[in-house]
4 protein chains.
Amino acid sequence: MARNQSAGRPVPAPDATRRSERSRRAIYDAALALVAEVGYPKTTIEGIAARAGVGKQTIYRWWSSKADVLLEAFLDLSEQAAETARRAQADDRPAYGIPDTGDLAADLKAVLRATVDELRDPAFEAPSRALAAEGVVNEELGRAFVARLLEPQLQLYADRLRAAQEAGDVRADVDPRIALELFVSPLAQRWLQYTAPISHEYTDTLVDYALHGITPR
Amino acid sequence: MARNQSAGRPVPAPDATRRSERSRRAIYDAALALVAEVGYPKTTIEGIAARAGVGKQTIYRWWSSKADVLLEAFLDLSEQAAETARRAQADDRPAYGIPDTGDLAADLKAVLRATVDELRDPAFEAPSRALAAEGVVNEELGRAFVARLLEPQLQLYADRLRAAQEAGDVRADVDPRIALELFVSPLAQRWLQYTAPISHEYTDTLVDYALHGITPR
Amino acid sequence: MARNQSAGRPVPAPDATRRSERSRRAIYDAALALVAEVGYPKTTIEGIAARAGVGKQTIYRWWSSKADVLLEAFLDLSEQAAETARRAQADDRPAYGIPDTGDLAADLKAVLRATVDELRDPAFEAPSRALAAEGVVNEELGRAFVARLLEPQLQLYADRLRAAQEAGDVRADVDPRIALELFVSPLAQRWLQYTAPISHEYTDTLVDYALHGITPR
Amino acid sequence: MARNQSAGRPVPAPDATRRSERSRRAIYDAALALVAEVGYPKTTIEGIAARAGVGKQTIYRWWSSKADVLLEAFLDLSEQAAETARRAQADDRPAYGIPDTGDLAADLKAVLRATVDELRDPAFEAPSRALAAEGVVNEELGRAFVARLLEPQLQLYADRLRAAQEAGDVRADVDPRIALELFVSPLAQRWLQYTAPISHEYTDTLVDYALHGITPR
DNA sequence: AGATAAACGAGACGGTACGTCTAGTCTTCAC
DNA sequence: GTGAAGACTAGACGTACCGTCTCGTTTATCT
């Protein structure tokens, strides 16, 4: 992502130590605000630069594309949110990840309900939807999006499922990385593709189906 | 979809009876070819018109956007493919839909394996990926994409599951429309978002997990 | 003007006897009205056709260009005006042309004053200015404009000057066709090119200078 | 001329100090060449931009219309020609304007003969004819054309006539600005409107008629 | 009176150019 | 010597007309 250095002429890499933190922040803010306000397709680099009070070159110097700017802006936003959340928690509690109360179904349902709520938060919806869309069509960005944003999230589910396996609540022969998709992917698809509305009841049902299957026991 | 008639001056709707079938076909072909060759973002209306040997206005007269052209082109392609498939089948066999051999798991696995193959067919991949991406970010198109392409496919799974319910192979309290997502959505997400590779083994596993759950029985 | 029949395939010449007089009149009216309202450059053949309630082909069938339509429309207008003027005159008076009272200077001044007034009539100004402009840049139309509209007018001056020569009021060695330009062309240039305002005093002065020269006698 | 700033949103005026002289020259050259080669109506802004190797926006940034480009291009050409002529002259001779040998008729005839030759020079004919035509129909451009190109030329005649008045060769009560039209306007009209051919003999005759009148002395 | 054929209103078609917008590069000036 | 400002080349956007080409629908003679 960072900087395109594959091309012919070895562009002298900008000196990152002298980079203006002020501009970086302003660009993130402008990019997120514009995506939220006018949508991703109508968000332009010129627009971001103008809103951030920054020259276009300052954007092209540090990012390779509109999608790249937005990806980093969103990553930054997520980190800030995570940081805030972490700080807000009581100090000695498990810092991050999916809770493990011993009740797998309840834990998954709780987290998925929270995810549903988050997906409906407009501040998150516009940029993450934009990034997801761009990632569908732009494989490089798609992989970056998955690696830096999605996979870390999914890993938390995998960890929880592995813990459940150790507790005997999930069969040992089950691959947690696949199993988690049984409830995560349906939610993702409904949200991304508007195939159907999402709700707490829906995600609860997904967890039940995924844990116990749909055949008679 | 149809025609923009929301704006101020009521543009007289073009006379569809005089529409050039030749141009329509040429536009579909050009649009699909360009999306496959240079990708959706670099496919332009000017490019489609030039390649189709058609005036730009002929495109703007009948479609409202590049996405709209591609959606119809892809629908047309699908219909043609379905038509071909239908014709290729023996006359008395069940014409369309998911086979029902009595073995639900085997039937689902077979269809999903075929889907995996289709998703890897470049002729289908480029346009459907492009449409899916556009649909993520453009709700109107997204809903049209789902309603006209995706949902009819999903309905076939729902039908098969309902038959399985009647045969006692699926619990009666299960909602087929949700249940199908347990194996369809994971595949869709891996394909769309590059979260992980897809394979026949993978979809087989999904069916097994979905049918029997991941908890010990 | 008439009809382009130089090209390869011998387009069957339209049958003028079956031509719709109604359409012809409507086209003339629409053309003149549009030129007066929106100016010549913004007058389009589509616009004329729409306003005249006529198919575009009906225009292309009978005229070769926008300029051609306007030229004929203006000729028609001029003929009608001349006809009206002729009818309005007493029956036995000299029907047409420049009066000959025996006083050359007075006669020329009177006619030029009338011309100044006519040039200021908006109904004449827009189309004649448009035709003159087009004629400057389009030699074929320019020559047609001169031959059919301008030269007949100038001929009247030449006739009056010749009569004056016979009466001994103009030197015998003077070429009337050139002499008339001494007062006609300055007026034409001021009007066409906005080089200076026109007035009755101005044309009176032109006649005086032209008749007696500008050197001391 | 300058820049359109009448519209709603106040488009930020471009910074003239940073203007590319290279582009400006290339645009002038391309515009003049195209007008000479294919004529004014078939000269397009796109064509000028392409030929000049320039983006369309660079033309729209600095000029408001095709006519405006051509006017400035032609002014530039005239200035260059005048500059060249000035440099070519012997240093102590009267730098510019109409010669004053004491023989008014001869001086005027000489200058008009030179003008006839210039009007026949294709390099000047196409653009000046195009500008004149556009000026007939577009008052704003017409006035600019007159003010910046025509009137300065005419002023030279007025100056020479005033000198002749002081020398007693022209009557004191004659208005030089009007008198000059007696020989300038006829030539202009013949050239512009193709009313008749132009020649050295013709302009000589015009001078004779204008100086001495057409009546017997 | 009916047949026949051309002119007609309408408007879709392949095109060209318009004037605007944005991409991404390059240059200038201020801090 | 970085970074804002913005002019530059390039080219797609969506619109407006061009001139050509069908369509059916009048008209208007010619059987």
Side-chain angles (χ1 to χ4, degrees), chain A residues 4 11 14-15 18-20 22-23 42-47 49-50 52-62 64-66, chain B residues 4 11-20 22-23 26 41-47 49-50 52-62 64-66, chain C residues 4 11-20 22-23 26 42-47 49-50 52-62 64-66, chain D residues 4 11-20 22-23 26 42-47 49-50 52-62 64-66:
Chain A
N4 174 8
V11 176
D15 181 349
R18 307 193 47 176
R19 183 168 181 182
S20 162
R22 210 168 149 284
S23 297
K42 288 194 177 169
T43 296
T44 64
I45 293 204
E46 295 213 329
V54 138
K56 281 202 291 179
Q57 199 53 44
T58 301
I59 296 184
Y60 284 110
R61 187 157 21 233
W62 302 108
S64 64
S65 66
K66 178 171 70 165
Chain B
N4 173 11
V11 175
D15 181 348
T17 65
R18 301 186 48 185
R19 184 168 182 183
S20 163
R22 207 168 152 287
S23 298
K42 288 194 178 169
T43 297
T44 64
I45 293 200
E46 294 214 329
V54 138
K56 279 202 291 180
Q57 199 54 47
T58 299
I59 296 183
Y60 285 109
R61 181 152 35 229
W62 300 109
S64 63
S65 65
K66 178 171 72 165
Chain C
N4 173 10
V11 175
D15 180 350
T17 66
R18 306 191 47 177
R19 183 169 181 184
S20 163
R22 209 169 150 285
S23 297
K42 287 194 178 169
T43 296
T44 65
I45 293 204
E46 294 214 329
V54 137
K56 281 201 291 179
Q57 198 53 45
T58 300
I59 296 184
Y60 285 109
R61 184 155 29 232
W62 301 109
S64 64
S65 66
K66 178 172 71 164
Chain D
N4 174 8
V11 175
D15 180 349
T17 65
R18 304 187 45 183
R19 185 167 180 183
S20 163
R22 208 169 154 286
S23 297
K42 287 194 177 170
T43 296
T44 65
I45 292 200
E46 295 213 328
V54 138
K56 281 202 290 178
Q57 199 53 47
T58 299
I59 297 184
Y60 285 108
R61 183 153 34 228
W62 301 109
S64 64
S65 67
K66 178 171 71 165

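Labels below follow one simple rule: chain letters A, B, ... track the order of the sequence lines, proteins then strands, and each chain is numbered from 1. These figures come from a predicted structure and were not determined experimentally.
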Exercise. Whole angstrom is fine here: how far is it from NZ in C/K42 over to P in F/dC17?
Key: 10 Å

Quiz item: Taking CD1 from D/I45 and P from F/dG11, how many angstroms apart are they, rounded to a whole number?
Solution: 18 Å

Self-check item: With A/R22 via side chain to side chain contact (heavy atoms under 4.5 Å, CB included) - residues at least two apart
Solution: A/S20

Self-check item: Non-hydrogen atoms of D/T58 and D/S23 that approach each other most closely
Solution: CG2-CB, 4.3 Å

Quiz item: Between atom CD1 in B/I59 and atom P in E/dG15, what is the gap in whole Å?
Solution: 12 Å

Quiz prompt | Between CD1 on residue A/I59 and CZ on residue A/R61, distance to nearest 0.5 Å | solution = 11.0 Å

Quiz item: Reading nucleotides 9-14 of chain E from the 5' end, what letters show protein touch, with B for base, S for backbone sugar-phosphate only, - for no heavy atom under 4.0 Å?
Solution: BBBBBB

Quiz item: F/dA16 C1' sits how many Å from C/K66 NZ, rounded?
Solution: 13 Å

Exercise. Ignoring the backbone of A/T44, work out which of F/dC18, E/dA23, E/dG19 is nearest its side chain.
Key: E/dA23

Quiz item: In chain order, what residues pass the side-chain hydrogen bond (donor to acceptor under 3.5 Å, both in side chains) check against B/E46, with sequence neighbours excluded?
Solution: B/K56

Quiz prompt | Distance-minimising heavy-atom pair for D/W62 and D/A16 | solution = CH2-CA, 3.8 Å

Are there any protein N/O atoms within less than 3.5 Å of an N/O atom in nucleotides 1-4 of chain E, and if so, which ones and at what distance?
none

Practice problem: With sequence neighbours left out, write down each residue that passes side chain to side chain contact (heavy atoms under 4.5 Å, CB included) with C/A52, or none if nothing qualifies. | Solution: C/A26, C/I27, C/A30, C/V54

Exercise. Indicate the atoms forming the closest heavy-atom contact of A/K66 with A/I45, along with that distance.
Key: N-CD1, 3.9 Å

